[in-house]
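Letters go in sequence order (proteins before strands), and every chain restarts at 1.
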Amino acid sequence: MNGRFDPRLADRRWQDRWADERCFEADSTSEKPKTFVLEMFPYPSGRIHVGHVRNYTMGDVIARFRRMQGHEVLHPMGWDAFGMPAENAAMERKVHPGAWTRANIGTMRDQLKRIGFSFDWSRELATCDPAYYGHEQALFVDLFNAGLVYRKESEVNWDPVDMTVLANEQVIDGKGWRSGAPVERRKLNQWFLKITEFADDLLDGLETLDRWPEKVRLMQENWIGKSKGLNFRFALTKPAGGISDVEVFTTRPDTIFGASFVAIAPGHPLALLAAENDPSAASFLEECKAGGTSAAEIETAGKKGHLTGFSVRHPLDPDLQLPIFIANFVLSDYGTGAIFGVPGHDQRDFEFANQYQLPIMRVVAESLEFASEPIGVEAEPAPGIMVNSQFLNGMTSEVASAEILRRAEQAGWGLGSTIYRLRDWGVSRQRYWGTPIPIIHCEKCGAVPVPLDQLPVILPEDVSFDVPGNPLDRHPTWKNVDCPTCGGQAARETDTLDTFVDSSWYFIRFASQPSDRPFDRVEAESWLPVTQYIGGVEHAILHLLYARFWTRALKHMGQIGLTEPFAGLFAQGMVTHETYRAGDGSWLSPGEVRKDGDDWVHIESGHPVAPGRIEKMSKSRRNTIAPEPILEKYGADALRWFMLSDSPAERDLEWSEAGIEGASRFVQRVWRLANSIGSSSGTDAALDRRLNRAVAAVGEAIEGLQFNKAIAQLYELVTAIEKAPASQSRDVAIRALILLVAPMAPHLAEECWDFIGEQGMVVDAAWPSFDPALLIDDQVTLAIQVNGKLRDTLSAPRGLDQAAAEALALSSEKVQRQLSGAAPRKVIVVRDRLVNIVA
RNA sequence: GCCCCUGUGGCGGAAUGGUAGACGCGCUCGACUCAAAAUCGAGUUCUGCAAGGAGUGUCGGUUCGAGUCCGACCAGGGGCACCA
C-alpha cells in the first residue's frame with residue numbers, strides 16, 4: 001500500500017507531462033478520424049468559478065474519450081474578450097479595458113490549467129487581439145461587398161447624462177442603470193447584417209440538426225417566426241396626395257368579411273401624411289414615441305388609436321368603407337405595418353373595437369346554425385365554418401382562406417406571402433471596447449470599406465474614460481483619415497461590432513489560423529462542423545443563430561463548403577448556489593457568511609444575513625465558488641468527478657461541499673484498488689461479466705453525455721472489484737477500471753497507470769473493448785406476478801421456454817397462496833424476464 | 001396570451017410498457033481504535049411485531065401489466081410576447 005493518493009503532487013506532475021509532450025496539440029494533417037469538441041468560450045470577467053468548471057469538464061470527458069478511441073481531437077480554448085464589463089471596470093477603477101481584460105485572461109488561463117483540461121493551448125485566441133479581429137474586419141468587408149451589409153436609421157436607448165447608448169437590459173424602469181436619468185429614444189444610423197435573407201434556410205436547416213436538443217430547435221423556430229398568409233391592398237377612397245392604397249398582411253384571409261377597420265403603424269407613410277395636415281394626428285404620433293419599448297410598458301400602455309379621417313374600400317364589397325386608424329399596437333417593422341381589424345375573431349382587435357365603438361361581426365361559427373349568435377365577452381380566434389361571408393358561407397376557415405387567396409391573386413389585388421418575425425441583425429455598438437467597424441465615411445464617396453491591405457483597423461489604446469461617451473469619437477488622429485477611394489477628407493466609423501460577431505466564427509479560426517487570412521478553407525473543412533458543442537442554454541437563440549447565419553453567409557460567398565457549424569449541440573445546466581444579502585441590500589459571497597442555527601450571519605460584523613434565491617453562479621450575485629480551495633483540499637479529479645455525478649448534465653446542479661467529499665472518497669478507492677493489483681492467477685467469470693457490462697455501459701453513457709450514469713456504473717464496478725477475491729480477472733478489471741475513469745479523473749488514472757507499471761501514458765492508451773457475448777448472464781431472475789402484481793422472484797436458467805417458465809411460476813408457494821386453489825385463466829410469459837399469471 | 005419542459009424516498013437522481021427507488025449524499029447501528037480521523041460491515045420509501053398493505057403531483061382511460069402510453073386538471077420552470 002502506497003498511502004493515500006496525493007492530488008497536490010499528482011495534478012501538477014501530470015499536467016506538466018502533458019504539456020511537455022504536447023499531448024493535446026491537434027494535428028490537422030492526421031489521417032485518423034477527426035473530432036472537434038468545443039465548449040463555448042468564456043468572457044474573461046475575472047476568475048474562473050465552478051460553473052465554468054462543469055462546462056469544460058463535460059467537453060474534456062468527450063475529448064479524452066474520443067482520443068482514447070483513436071480519434072484526432074481538436075479541443076481548443078480562447079476568450080470572448082470584448083464587451084461592456086471591461087469598459088465598466090475602466091470607469092470604476094481607472095484601468096484600461098485592455099489591461100483589465102488581459103490580466104483576467106492570464107488569471108483564468110492559469111486557473112484552467114490547474115484543472116487538467118486537455119486543451120490545445122497552441123491555438124488559444126482572444127477576440128480583442130488584432131490578430132483575431134483584423135480577420136473579422138476582412139470578413140465584414142467581404143459581407144459588405146457581397147451586399148449582406150447595409151446601413152439604416154434605427155432607434156436606440158440613449159442615456160442623455162452618460163451620453164451613451166444603452167442595451168435594453170441596462171434600462172431599468174425607463175432610466176439609465178448608471179446615471180439614473182430618464183432614457184430617450186434616439187435615431188442613429190446603424191449597420192445591419194441581412195440575416196433575414198437566410199430566414200427560410202435557417203429554419204429548414206434546423207431539421208437536419210438531429211444532434212441538437214429539441215428545445216433549442218424549437219426556440220430558434222419560434223424566434224424566426226415564419227407566418228404564411230396573404231398580402232393585399234385596400235384602395236384608398238378618402239385620402240389625398242400620392243398614396244392610392246394601403247397594403248396589409250394577414251394570416252386569416254378567411255375573416256375578410258369581418259373587417260371593420262384598418263389600423264396602421266405610427267411610422268406608416270400614411271400616418272406621416274395625416275400628421276402633416278392634422279395637428280391632433282401629429283400629437284398622437286408624439287405620444288406613441290414617448291412610450292418605452294419594454295414589455296412591461298407596452299403592457300400598461302393599453303391600446304390607443306387615432307382616427308385619421310381616411311378610409312378604404314373593401315376589396316370584395318365596393319359598398320363597404322372602412323375607417324383608417326393610426327394605432328400604437330401596430331408594428332411598423334412587421335408585415336406591411338398595416339392591418340385590417342376583425343374584432344370578432346382577434347382579441348386585440350376586439351378590445352380596440354370596444355374602445356372605439358366599431359362593429360363586431362361574426363364571420364366564423366361552429367356551424368351555420370350559429371350564424372346570428374353575437375360575439376360574447378371575448379373574440380373567437382379559433383377556425384370554424386364561415387358565416388355572414390357571402391360566397392364563403394359554409395366553407396371551413398382553411399378552404400375559405402385558400403379561396404380568398406385564389407381570388408385575390410386572380411383579380412390582382414393580393415398575393416400569397418410569407419413573412420418572418422426575425423429582424424436583420426443590428427451590429428453597431430456605440431462602444432469603445434469592440435472590433436472597429438472597418439468603414440470610412442467620405443462626404444463624396446459615402447461609406448467606403450477599408451481596403452484589405454489596410455486592415456486591421458487597430459483599436460487605439462491611448463484613450464481615456466474621464467469624459468462620458470465613446471472615446472473613439474474624440475480621438476482625432478485615429479478618427480480623421482483620408483478616403484481610400486478619392487483621397488479626400490474622411491472619418492472612420494466610430495461604432496464597434498456587436499460582440500456576437502466575434503463569437504460567430506471563432507470556431508472556424510480555432511480549426512485553422514493562418515496569419516494572412518481568416519482561415520484556410522481546406523484545413524477548416526477538415527475539422528468542421530464542430531462534432532460536439534457544449535454551452536449554456538442562455539445562448540440557445542442569439543449566439544447559435546448568428547453563428548449559423550455567419551456560416552451560411554461564408555458559404556454563400558464561396559468561402560467555405562459548410563452549412564451548419566455545429567453538428568452536435570449540448571445545452572448543459574447551470575451550477576447554482578444560494579445567494580446572500582446584507583441588511584443594506586448588498587450581495588455577500590458564500591465565504592463571508594456563516595450558518596448560525598437556522599439563521600445566517602455575516603462573519604465579520606455578526607449582522608444577520610438574508611439568504612436569497614438559489615441562482616446561477618455569477619459575479620454580480622457574488623455567489624460564485626472558487627476552484628482553488630477545492631483543488632488544494634481534494635484535487636482536480638475530485639472536483640471534476642463531482643461536477644459530473646449526481647445531476648444529469650442538462651439539469652442544474654446545486655453546489656455542495658458534501659458532494660465533493662464523496663467524490664474524493666471515490667478517488668481514494670480507485671487508488672487503493674490500483675495498489676492492490678498483484679499477479680494472481682485464476683479467472684472469476686462473474687467479475688469478467690461485470691467488467692464487460694461496465695465497459696459497455698460507461699462508453700454508452702459518455703457517448704450520450706449521460707455522465708451521471710457513467711459514474712454510477714463506475715461506482716458499481718469499483719464495489720464489485722473490491723469484493724472480489726484475488727484472481728487474474730480482478731487484476732484485468734483494475735487495469736480496465738483505470739482506463740474507464742481516465743476521461744473524468746485523468747490525473748488519478750495516470751498515477752495509477754504508472755504505479756501498476758504500464759508503459760506510456762493513459763492519454764495515449766486505447767479505450768477498453770468488451771465482448772458482447774459476455775454481456776448476457778446464463779442465470780436470470782424471473783419476476784413472478786399474479787394479476788400484474790409482483791408476488792415472487794425466482795432464479796432460472798436463461799432461455800427457459802413458455803411451458804417451463806409457467807410450471808416454475810406455478811410451483812411458487814407465494815403464487816399458490818394468491819391463487820388459493822383457482823386455476824389460472826391466462827399466463828403471460830416474457831422470456832427471461834417475467835411470468836404474469838392472470839387469475 | 002401563445003409555445004415548450006418538468007413533477008419519483010430526507011436530498012441529487014436510476015428505471016427498452018415488464019422486480020420502482022440503481023448509484024451518490026445524508027442519517028442509524030456495528031467493527032477496528034486508548035481515542036479520533038480514515039476505512040470496513042449492516043440498515044435506510046411509508047405503514048406494520050410479522051404475514052401483508054400502500055406508494056412515482058391529482059383524477060380518469062388503454063393494457064395481462066403504466067413512473068413510462070392517452071385525456072383532463074394541479075403545481076413548478078423556461079422561451080416568446082401588441083407578430084396581424
Problem set entry | Closest heavy-atom pair and its distance - A:Gly799, A:Asp832 |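 Heavy-atom minimum between the residues: N-OD1, 2.8 Å.
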
Return no unless some side-chain N or O of [X] is found under 4.0 Å from OP1 or OP2 of [N].
X	N	result
A:Arg423	B:rC83	no
A:Arg672	B:rC40	yes
A:Tyr715	B:rG24	no
A:Thr781	B:rU19	no
A:Arg665	B:rG24	no
A:Asn708	B:rA14	yes
A:Ser645	B:rC23	no

Contact class for [X] (heavy atom, under 4.0 Å): base, sugar-phosphate, or nothing?
X	value
A:Val248	nothing
A:Leu218	sugar-phosphate
A:Asn222	sugar-phosphate
A:Arg651	sugar-phosphate
A:Val838	sugar-phosphate
A:Gly659	nothing

Expressed as a whole number of Å, how far does the [atom1] atom of [N] sit from that of [M]?
N	M	atom1	answer
B:rA20	B:rU45	C1'	10 Å
B:rC49	B:rA38	C1'	38 Å
B:rU8	B:rG55	C1'	10 Å
B:rG26	B:rG18	C1'	32 Å
B:rU62	B:rA15	P	29 Å
B:rC5	B:rA84	C1'	28 Å
B:rG57	B:rG7	C1'	6 Å
B:rC25	B:rC80	C1'	38 Å

In whole Å, I'd like the distance from the [atom1] atom of [X] to the [atom2] atom of [N].
X	N	atom1	atom2	value
A:Met219	B:rC4	CE	P	14 Å
A:Glu654	B:rC11	CD	P	13 Å
A:Asp646	B:rC11	CG	C1'	10 Å
A:Asn328	B:rA84	CG	P	17 Å
A:Arg217	B:rC5	CZ	C1'	15 Å
A:Met574	B:rG77	CE	P	12 Å
A:Asn675	B:rA38	CG	C1'	15 Å
A:Gln713	B:rG13	CD	P	19 Å

Neighbour count >12 (heavy atoms, 6.0 Å) for atom [atom1], [X]:
X	atom1	answer
A:Lys228	NZ	no
A:Arg211	CZ	yes
A:Glu813	CD	no

Exercise. Are A:Asp652 and A:Thr576 close enough that a side-chain donor and a side-chain acceptor fall under 3.5 Å?
Worked result: no

For this session: Specify the residue among A:Ile541 and A:Leu790 whose closest nucleotide of RNA chain B lies further upstream toward the 5′ end.
Result: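 Nearest nucleotide further toward 5': that of A:Leu790.
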
Seminar exercise, completed: RNA chain B nearest-nucleotide lookup for A:Ile339 and A:Gln785: closer to the 5′ end is A:Gln785

For this session: Show the numbers, then the answer: is there a ring-ring contact (aromatic ring centres under 6.0 Å, His included) between A:Phe352 and A:Phe325?
Result: CA-CA 10 Å; A:Phe352 191 79; A:Phe325 284 83; 5.1 Å; yes

For this session: Tell whether A:Arg833 reaches the base of B:rU16 with its side chain through a donor-acceptor pair below 3.5 angstrom.
Result: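 Answer yes: a donor N or O sits under 3.5 Å from an acceptor.
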
Exercise. Hey, does A:Ile711 have a side-chain heavy atom less than 4.5 Å from the side chain of A:Phe666?
Worked result: no

Problem set entry | Contact state string [nucleotides 42-54 of chain B, B base, S sugar-phosphate only, - no protein heavy atom under 4.0 Å] | ---------SSSS

Exercise. Does B:rG9 sit syn or anti, given that only angles within 90° of 0 count as syn?
Worked result: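 Because its glycosidic torsion lies within 90° of 0, B:rG9 adopts the syn conformation.
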
Distance in Å, [X] [atom1] paired with [Y] [atom2], rounded so as to fall on 0.5 Å steps:
X	Y	atom1	atom2	value
A:Phe232	A:Phe340	CZ	CZ	4.5 Å
A:Leu270	A:Glu247	CG	CD	13.0 Å
A:Phe249	A:Ile419	CZ	CD1	3.5 Å
A:Ile195	A:Arg548	CD1	CZ	9.0 Å

Problem set entry | Minimum-distance nucleotide (side-chain atoms of A:Phe329 versus B:rG13, B:rG18, B:rC82) |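 The closest nucleotide is B:rC82.
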
For this session: Measure from the side-chain heavy atoms of A:Glu716 and tell me the nearest of B:rC23, B:rU19, B:rC80.
Result: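 From the listed options, B:rC23 comes nearest.
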
Problem set entry | Stems formed with participation of RNA chain B [Watson-Crick or G-U wobble, under 3.5 Å, three or more pairs] |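 Stems for RNA chain B, defined as runs of 3 or more consecutive pairs: B:1-7 with B:74-80, B:10-12 with B:23-25, B:26-31 with B:39-44, B:45-47 with B:52-54, B:57-61 with B:69-73.
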
Exercise. Could A:Glu538 and A:Lys616 be called an ion pair, given the rule that one side-chain N must be under 4.0 Å from one carboxylate O?
Worked result: yes

Exercise. Do the charged groups of A:Glu700 and A:Lys709 touch, with an N to O distance under 4.0 Å?
Worked result: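 Looking at A:Lys709 together with A:Glu700, the answer is no, because their closest N to O distance does not fall below 4.0 Å.
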
